[in-house]
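All residue numbers in this chain count up from 1 along the given sequence. Nothing here was measured: the structure is a model prediction, and the numbers come from that model. Atoms considered below: every heavy atom in the structure, side chains included; atoms not considered: hydrogens, waters and symmetry mates.
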Amino acid sequence: MKKKAMALMLVSAMTVAMLGGCGNQDDGSGQSSPDNAVSSGSGSNSEDSAAPSGETGKERMTISVMGIDWGYGPSAGSEMEQYWEDLFDVNLEIEWVSYNDYTQKLNTLIASGSQPDVVQVGAVNDKFYYPIFTQAIDAGQFVDLTPYIFEGDNALVKTNAVMKNWSDSFWDQTRYAGGIYILPRSKCEEAKSSGIEVRKDLMEKYGYEEEPTTMEELKDWLIGLSRAATEGEGQKVYALDFYGDSFVTGRTKALAVAFTGQSDWGIDENGEYQYMQFNEKFLDFLNWMKELYDADVLDPEFALGNADTSKFKAGNSVAYVNEWYNFNQSADKTSNKIFDSNTPDTYAAWELMPVQGPEAITIVPNVTDVDSCIAISAKCSEEKIQKILQVFNGTEEAYPGYDVLMSDDVEGIHYKLLEDGTKDTSDETMKQKRTEGYVGAWNQIFLKVDSDQITSKFMRDGAKRASDENIQRAKDVKEVLVNYLKETGLKNEAANLQSATYDNQWGILTDDVNTMCTQYVMGQITEAQWKEFVQGIVDSADYKAIQAEFKEAAGK
């Protein structure tokens, strides 16, 4: 199919989708056309490469792009790519690179100054502003997007229907050295790793339906239910799904925050940056974990990476600390079965409300609420920057049907829309085209609506919809978490702060921390030995240098 004909067909299909009620309308304030979606400028003559345009007879601008292939596709030159090119009247010269190789390849291109016009920036150690990228920024290799975002009547925060909803605190997470060099693709759910998922069927079967509200109650509840389930089920059922030599992970961090009142990095009473595991109150968390271990409700070999021994989804534990929106079991427990396929359909998932600890609730603020982002090469002319910001910042309001496309691919090419409104994806040719066009990769480089996991996971139409009870619990948990962050301002205080000593020495400095945590919980070292170990790190020249460099980066 020729591009022009396909473009007309697809734009028509998107318009029909919009008239059928797809997508949300603007809030009434209106939005500028995509051509004017960024701050105005005089522009400059461009020598950018171009390709013929099927719509206007003019030459299309070529934009070179590099994005991450997460193992599902897409392929260059797919019909999905052709669709985008025709919609935006642009030529996309895009390379999809495997996630295993992506950062290394991007760094190599940056080092030689040959990065494409647009690059997806992957997080390194949970930070988008990682050393090689920031060095390139300092060298002037990437565009400071601040004026396009905030300045003038056509600023993105004024005209873009998605970005106008982003708060100042969210934009603060995108800053480096006073500028903004990464452009978020959406805002993810807050405090993602703050859920305590539990087996509701076991709660009801063994009389543990009264939910714990404090960390002390949670400890006793986990011990009691684990023991009751182990005896009643005729197999070992541990308290927590927990394994691995990284002691503070998504499986434990929310519990640790409840005792320390800080995330990975906080600021102590003296105004110094403090790592969570070196907070003196972290010992209270270790003692809490030690009581579980001493009660024989933790896998005795939890530190050896035995992933299946206490696996929650296999029925081997009563609780699992993970993303708060991941207990989205369908009402029939089978249409969307979150437990392993070989487990009984009687297994039921539930989420505890956040539990109150001595210093905080069980919560983990995200290192960043940016779910993915792009950066623009400073080699681009003003004209090309304007075009990039048009192409990569589409919205439903500017392009009716856009939101459906970003979630479901293209009707008629990737699925067949049936009379009852469901999508038939059984055609083998369409399956192949969906892989080639894999929309999941495109929606990490193109703008999309902010994450709404309750709607997308719990409130699906049809059989996969969760029970009303589970939907309400998800809403209640989210409300508590969001309000707590708003009221307390709890965050990772070192996010986006740069420290050369941290980059070079942190792994060496903390090499034994997880081992010492494990040994303490297992009773192999004493409290005095733990404190002596921590003090040795805190008093070290490297740790003090990191603190000083963080303060300097923060302008303190």
Side-chain angles (χ1 to χ4, degrees), residues 125-127 129 169 172-173 175 190-191 193-194 215 246-250 252-290 354-368 481 484-514 516-517 520-521 525-556:
N125 295 326
D126 294 326
K127 292 185 177 183
Y129 285 119
S169 61
D172 286 344
Q173 296 178 33
R175 297 183 190 278
E190 296 183 51
S193 300
S194 304
M215 289 301 292
S246 294
F247 196 86
V248 177
T249 66
T252 59
K253 192 176 291 186
L255 307 173
V257 172
F259 284 98
T260 62
Q262 70 168 82
S263 186
D264 301 69
W265 286 90
I267 298 177
D268 66 16
E269 63 275 8
N270 299 316
E272 300 291 344
Y273 285 87
Q274 180 181 56
Y275 188 57
M276 175 198 278
Q277 288 171 269
F278 304 153
N279 183 329
E280 62 181 12
K281 296 169 185 174
F282 184 77
L283 185 60
D284 297 331
F285 165 63
L286 290 180
N287 284 326
W288 188 88
M289 291 290 291
K290 188 175 188 305
V355 174
Q356 181 66 53
E359 298 296 329
I361 64 172
T362 48
I363 189 171
V364 182
N366 301 335
V367 175
T368 175
L481 295 172
Y484 188 86
L485 292 181
K486 185 181 298 183
E487 292 167 3
T488 64
L490 180 66
K491 63 180 181 178
N492 182 341
E493 297 288 352
N496 288 355
L497 298 183
Q498 303 300 308
S499 163
T501 306
Y502 179 91
D503 296 334
N504 296 326
Q505 299 297 324
W506 185 250
I508 299 171
L509 187 65
T510 59
D511 183 54
D512 294 328
V513 172
N514 288 310
M516 294 294 281
C517 288
Y520 183 86
V521 168
I525 63 170
T526 65
E527 181 174 317
Q529 288 174 308
W530 168 261
K531 289 181 176 179
E532 181 181 6
F533 167 74
V534 169
Q535 198 62 46
I537 296 177
V538 170
D539 289 342
S540 70
D542 284 337
Y543 187 75
K544 291 183 181 298
I546 291 168
Q547 291 177 306
E549 289 165 12
F550 278 160
K551 290 177 75 172
E552 181 181 4
K556 296 182 178 180

**Student:** Relative to the ring of Y520, is the ring of W530 parallel (under 30°), tilted (30 to 60°) or perpendicular (over 60°)?
**Tutor:**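 Tilted, since the angle between the ring planes falls between 30° and 60°.
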**Student:** Report the distance from atom CG of L286 to atom CZ of F247, rounding to the nearest 0.5 Å.
**Tutor:**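 Here the rounded value is 5.5 Å.
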**Student:** How about K491: does its NZ atom have over 12 heavy atoms from other parts shown lying under 6.0 Å from it?
**Tutor:**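 Open: at most 12 neighbouring heavy atoms sit under 6.0 Å from NZ of K491.
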**Student:** Over 60° means perpendicular and under 30° means parallel, so classify the ring planes of Y543 and W265, tilted if in between.
**Tutor:**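 Because their plane-to-plane angle is under 30°, the rings of W265 and Y543 count as parallel.
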**Student:** If you define the side chain from C-beta out and look only at heavy atoms, does anything of F259 sit under 4.5 Å from N279?
**Tutor:**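 No; the side chains remain at least 4.5 Å from each other.
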**Student:** E190: what forms a side-chain hydrogen bond (donor to acceptor under 3.5 Å, both in side chains) with it, not counting sequence neighbours?
**Tutor:**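 Result, side-chain hydrogen bond (donor to acceptor under 3.5 Å, both in side chains) vs E190: K187.
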**Student:** D268: what forms a side-chain contact (heavy atoms from CB on, under 4.5 Å) with it, not counting sequence neighbours?
**Tutor:**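 D268: side-chain contact (heavy atoms from CB on, under 4.5 Å) contacts with N270, E272, Q274.
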**Student:** Any heavy-atom pair between the side chains of C517 and V248 that's under 4.5 Å?
**Tutor:**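 No. Closest side-chain heavy atoms not under 4.5 Å.
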**Student:** What pairs of residues pass the salt bridge (Lys or Arg N to Asp or Glu O under 4.0 Å) test when at least one of them lies in residues 526-546, not counting sequence neighbours?
**Tutor:**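 Non-adjacent pairs meeting salt bridge (Lys or Arg N to Asp or Glu O under 4.0 Å): E527-K531.
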**Student:** Could you pull out all residues at least two apart from K486 that satisfy side-chain hydrogen bond (donor to acceptor under 3.5 Å, both in side chains)?
**Tutor:**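 Partners of K486 by the side-chain hydrogen bond (donor to acceptor under 3.5 Å, both in side chains) criterion come out as none, since no residue qualifies.
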**Student:** Which heavy atom of P354 sits nearest to which heavy atom of L481, and what is that distance?
**Tutor:**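 That would be CG-CD2, 3.8 Å.
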**Student:** Enter the distance from S194:OG to L485:CG here, rounded to the nearest 0.5 Å.
**Tutor:**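 Interatomic distance, S194 OG to L485 CG, rounded to 0.5 Å: 7.5 Å.
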**Student:** Distance from M215 atom CE to L255 atom CG, nearest 0.5 Å?
**Tutor:**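 Separation between the atoms: 4.5 Å.
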**Student:** Out of curiosity, M276 CE to F285 CZ, how far, rounded to the nearest 0.5 Å?
**Tutor:**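 That separation rounds to 8.5 Å.
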**Student:** Scan the side chains in residues 355-364 for donor-acceptor partners under 3.5 Å anywhere in the protein, sequence neighbours excluded, and list what turns up.
**Tutor:**
unit_1 : atom_1 : unit_2 : atom_2 : d
Q356   : NE2    : A360   : O      : 3.4
E359   : OE2    : K281   : NZ     : 3.2
T362   : OG1    : V355   : N      : 2.9

**Student:** Give the ring-plane orientation class for Y275 versus W506, where under 30° counts as parallel, over 60° as perpendicular and anything between as tilted.
**Tutor:**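 Perpendicular, since the angle between the ring planes exceeds 60°.
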**Student:** What residues, two or more places apart in sequence or in another chain, satisfy side-chain hydrogen bond (donor to acceptor under 3.5 Å, both in side chains) together with T501?
**Tutor:**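 Testing T501 for side-chain hydrogen bond (donor to acceptor under 3.5 Å, both in side chains), a comparison that skips the adjacent residues, returns E549.
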**Student:** Holding to side-chain contact (heavy atoms from CB on, under 4.5 Å), I want the full list of residues that pass it with V367, two or more places apart in sequence or in another chain.
**Tutor:**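 With neighbours one apart ignored, the set is D126, N492, A495.
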**Student:** Does Q498 use its side chain to pair, donor to acceptor, with the backbone of Y129 at less than 3.5 Å?
**Tutor:**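 Indeed, once roles are kept as given, a pair shorter than 3.5 Å links the two residues.
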**Student:** Would you please name every residue forming a side-chain contact (heavy atoms from CB on, under 4.5 Å) with Q529, sequence neighbours left out?
**Tutor:**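 side-chain contact (heavy atoms from CB on, under 4.5 Å) check on Q529 returns I525, T526.
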**Student:** Kindly write out the residues that satisfy side-chain hydrogen bond (donor to acceptor under 3.5 Å, both in side chains) with E552, not counting sequence neighbours, or none if the list is empty.
**Tutor:**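 With sequence neighbours excluded, E552 shows a side-chain hydrogen bond (donor to acceptor under 3.5 Å, both in side chains) to no residue whatsoever.
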**Student:** Partners of I267 by side-chain contact (heavy atoms from CB on, under 4.5 Å), sequence neighbours excluded?
**Tutor:**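 Scan of I267 (side-chain contact (heavy atoms from CB on, under 4.5 Å), adjacent residues dropped) gives Y273, E493, K556.
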**Student:** Where do V257 and Q262 come nearest, in terms of heavy atoms and distance?
**Tutor:**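 Closest pair (atom of V257, atom of Q262, distance): CG2-O, 3.3 Å.
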**Student:** Working to the nearest 0.5 Å, report the span between CZ of F282 and CH2 of W288.
**Tutor:**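 Answer rounded to 0.5 Å: 12.5 Å.
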**Student:** Output all residues satisfying salt bridge (Lys or Arg N to Asp or Glu O under 4.0 Å) with K253, sequence neighbours left out; order by chain, then residue number.
**Tutor:**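 Counting only residues at least two positions away or on another chain, K253 forms a salt bridge (Lys or Arg N to Asp or Glu O under 4.0 Å) with D264.
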**Student:** From Q277 CD over to T510 OG1, what is the distance, rounded to the nearest 0.5 angstrom?
**Tutor:**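 Taking CD in Q277 and OG1 in T510, the distance rounds to 8.0 Å.
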**Student:** Can you name the residues that form a salt bridge (Lys or Arg N to Asp or Glu O under 4.0 Å) with D172, not counting sequence neighbours?
**Tutor:**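 R175.
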